[in-house]
Every structure is written in structure tokens, then in C-alpha cells.
J.: 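To start, I am sharing the structure in question, which I have written as C-alpha cells.
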Amino acid sequence: MASLPEGFRYLPAYLDRPAQENVVEQIRQVVADAPLYVAEMPRTGKPMSVRMTNCGLLGWVTDREKGYRYQAFHPTTKRGWPAIPRELLDLWDARSGYPKPPEACLVNFYSDEAKMGMHQDKDEVDLEAPVLSLSLGNACLFRIGGPDRRDSTTSLRLSSGDVVILGGAARLCFHGVDRIYPGTSTLLKNGGRINLTLRRVRR
DNA sequence: GAGTTACG
DNA sequence: GCAT
């Protein structure tokens, strides 16, 4: 029986349905300004199955040439990212336990076929701040291990409205999304799943 | 190695 | 389908 790392917090059904609908509307506005795009793996240029965009002062991006990084503008439009919606800033204030505001909100859109390989979030300078994640739409099978890629892992089904926080020892633990469960939510009319992750990037 | 696949 |  594998155990979850210290600092991992799971808040099931943290947002009720009206609150989820509210956030989805805010994210629709973000996407209207900063369109979803297909990110590329460093060096190989292989496309990721997840489509992404960001809001906040900084956004996490990746492409073949420059690899993983944070930057202040959308890779396609070259415009600055839209602001993080107030509801998400409030969520951070309520649950992160961190005094400074988040600078980045990565918006990952998973089609019903999309996956995310096991990885660490380690492109932030400030690794003391937790990463706070909100799931919207179809459920997924989330998996988290330890700080070493070979560490044993635990799988967890995340549903719409669930919040997960990676802080403390969990902050640098490998994690990923093995599958989406199609048709498990009516929140998004066209299916799929949205994951929002709030991060503090700079000290 | 933020992908892909193969094997129990 | 799920763990690795």
C-alpha cells in the first residue's frame, strides 16, 4: 500500500457546481484572449497531447528551441498573458498558506485522449511556495510518486471541483495524468478536462 | 522523460 | 483497466 508524500493535500469537491461554472466562464475569457496552443517537447519538438495557455504575469511554455521556461507573453500572439481571475486568487489566499500571490496560472486542456507523463514542477525559482491545482470537467486518473522517478506511486481519481496542493515534500514529487474518464462530467459542453495550476515563480 | 511503449 |  503506497502512501502519499508529506505536504500532499487533497480537497475533494472543494468548489460546488455554481463556483465551477463561474471559473469556467472566466477561463473562457482567458482563452479568448490567449488561445490554447500545442506545446512542444524540448529538442525533439514532439507535440504534447494537452493543449495549453496561461494567465498571470508569467506563463509556463515549452518549445523545441528553448525548452521549458516561464515568460511574460503568449508564444503565438506575443501579447502579455491575461490576468488571473479573482476567484482563483481567492482560492490561493484561502488554501496555499503562502503570503505572496501566484504569478502564473497554467491552463491545461485535456481532450478525452490526452495524457501527461510523469514529471516534476521545477522550473520555478521559488520552490517554497506550493503548487495549487483545480480540476474541472471530466475526471482523470492522477498519479503521484516521490522525488525520484523510480519511487513507488499512488493513483487517485480526480473529479471536477477537486483541489490538490503540492507543498512541502510533495512539491518536487513526480506526478502525471494517466487517463481521462470520458463522459463523467457535464460541466464542459464539449467534453474534456481543464486543469488549472497556480504557481509562485520568483522569490 | 511535461513522450512513448511494452509487459504483467 | 491499471501499475510500472
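Here is the naming used below: chain letters follow the sequence lines, and residue numbers restart at 1 for every chain. Values below: every heavy atom of this structure, side chains too, minus hydrogens, waters and symmetry copies.
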J.: Is the shortest heavy-atom distance from the side chain of A:Lys122 to the side chain of A:Leu172 under 4.5 Å?
T.: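 Sidechains of A:Leu172 and A:Lys122: in contact.
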J.: Are A:Thr197 and A:Asn108 linked by a side-chain donor-acceptor pair shorter than 3.5 Å?
T.: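 No pair is found: no donor N or O on one side chain lies under 3.5 Å from an acceptor on the other.
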J.: Please pick, from B:dA2, B:dT4, C:dA3, the nucleotide with the shortest atom-to-atom distance to any side-chain atom of A:Lys46.
T.: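 Ranking B:dA2, B:dT4, C:dA3 by closest atom to the A:Lys46 side chain puts B:dT4 first.
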J.: Between C:dC2 and A:Tyr181, is there an OP1 or OP2 to side-chain N/O distance shorter than 4.0 Å?
T.: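 Yes, within the criterion.
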J.: Main chain of A:Ile144, side chain of A:Thr153: is a donor-acceptor contact present, judged purely on distance under 3.5 Å?
T.: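 No.
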J.: Starting from A:Leu57, can I reach A:Phe73 by hopping between I/L/V/M/F/W/Y residues whose side chains sit under 4.5 Å apart?
T.: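 In one cluster with A:Phe73: A:Leu57, no.
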J.: Please work out which residues in residues 147-169 of chain A have a non-hydrogen atom less than 4.0 Å from an atom of DNA chain C and list them by number.
T.: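 Within residues 147-169 of chain A, the residues near DNA chain C are A:Thr153, A:Ser155.
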J.: Which nucleotide in the list C:dC2, C:dT4, B:dA2 gets nearest to the side chain of A:Arg179?
T.: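 Of C:dC2, C:dT4, B:dA2, C:dC2 is nearest to the side chain of A:Arg179.
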J.: Taking the side chain as every heavy atom from C-beta outward, state whether A:Leu188 and A:Ile194 have any pair of such atoms under 4.5 Å apart.
T.: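 When only atoms from C-beta onward are counted, A:Ile194 and A:Leu188 do touch, with a gap below 4.5 Å.
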J.: Whole angstroms only, please: what is the CG-P distance between A:Asp178 and C:dA3?
T.: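 Atom CG in A:Asp178 sits about 7 Å away from atom P in C:dA3.
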J.: Taking the same atom, C1', in B:dG1 and in B:dT5, what whole-Å distance lies between them?
T.: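 Here B:dG1 and B:dT5 have their C1' atoms 13 Å from each other.
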J.: Within the side chain of A:Trp60, is there an N or O that forms a donor-acceptor pair under 3.5 Å with the backbone of A:Gln71?
T.: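 Pair absent, no side-chain N/O of A:Trp60 close to backbone of A:Gln71.
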J.: Rounded to the Å, how far apart are A:Met118 CE and C:dT4 P?
T.: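 A:Met118 atom CE is separated from C:dT4 atom P by 9 Å.
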J.: Provide, to the nearest angstrom, the distance between the CD atom belonging to A:Glu113 and the P atom belonging to B:dT4.
T.: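 Going from CD in A:Glu113 over to P in B:dT4 covers 13 Å.
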J.: Atom CG of A:Asp112 and atom C1' of C:dG1: how far apart are they, to the nearest Å?
T.: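 About 16 Å, once rounded to whole Å.
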J.: Consider side-chain hydrogen bond (donor to acceptor under 3.5 Å, both in side chains). Of A:Ser159, A:Ser111, A:Ser135, which one does A:Arg193 pass it with?
T.: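 When A:Ser159, A:Ser111, A:Ser135 are each tested with A:Arg193, the side-chain hydrogen bond (donor to acceptor under 3.5 Å, both in side chains) holds only for A:Ser135.
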J.: If pairs are Watson-Crick or G-U with both distances under 3.5 Å, what is the dot-bracket string of DNA chain B, marking crossing pairs with [ ] and pairs to another strand with |?
T.: .....|.|
J.: When we call it a touch if two heavy atoms are under 4.0 Å apart, what does A:Met41 touch: a base, just sugar-phosphate, or nothing?
T.: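 Result for A:Met41 = sugar-phosphate.
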J.: Taking CE from A:Met116 and P from B:dG1, how many angstroms apart are they, rounded to a whole number?
T.: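 For the pair A:Met116 CE and B:dG1 P, the rounded distance is 15 Å.
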J.: Let me check something: do A:Leu89 and A:Leu132 share a hydrophobic cluster, defined by ILVMFWY side-chain heavy atoms less than 4.5 Å apart, either directly or through other members?
T.: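 Result: yes, single cluster for both.
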J.: Return the nearest nucleotide to the side chain of A:Asp123; candidates are C:dC2, C:dT4, B:dA2.
T.: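 Side chain of A:Asp123 sits closest to B:dA2.
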J.: Expressed as a whole number of angstroms, how long is the span from A:Arg64:CZ to B:dA2:C1'?
T.: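 So the CZ-C1' distance, A:Arg64 to B:dA2, works out to 16 Å.
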J.: Applying side chain to side chain contact (heavy atoms under 4.5 Å, CB included) between A:Leu106 and each of A:Asn54, A:Val61, A:Val50, report the one that passes.
T.: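 Passing option: A:Asn54.
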J.: Name all pairs fulfilling the side chain to side chain donor-acceptor pair (under 3.5 Å) condition that reach into residues 163-187 of chain A, sequence neighbours left out, sorted by first residue then second.
T.: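 Passing the test, one end in residues 163-187 of chain A: A:Arg17-A:Thr186, A:His119-A:His175, A:Asp121-A:His175, A:Glu124-A:Arg171, A:Arg143-A:Asp178.
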J.: How close or far is atom C1' of C:dA3 from atom CD1 of A:Ile144, stated in whole angstroms?
T.: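 Nearest whole value for this atom pair: 16 Å.
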J.: Output yes if the stacking criterion (under 5.5 Å between centres, under 30° between planes) is met for A:Trp60 over the base of B:dA2, else no.
T.: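 Stacked: ring centres under 5.5 Å, planes under 30°.
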J.: Tell me the interatomic distance from A:Phe174, atom CZ, to B:dG3, atom P, rounded to whole angstroms.
T.: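 The distance from CZ of A:Phe174 to P of B:dG3 comes to 12 Å, rounded to the nearest Å.
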J.: Return the nearest nucleotide to the side chain of A:Tyr68; candidates are C:dA3, B:dG1, B:dG3.
T.: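 For A:Tyr68, the side-chain atoms sit closest to B:dG1.
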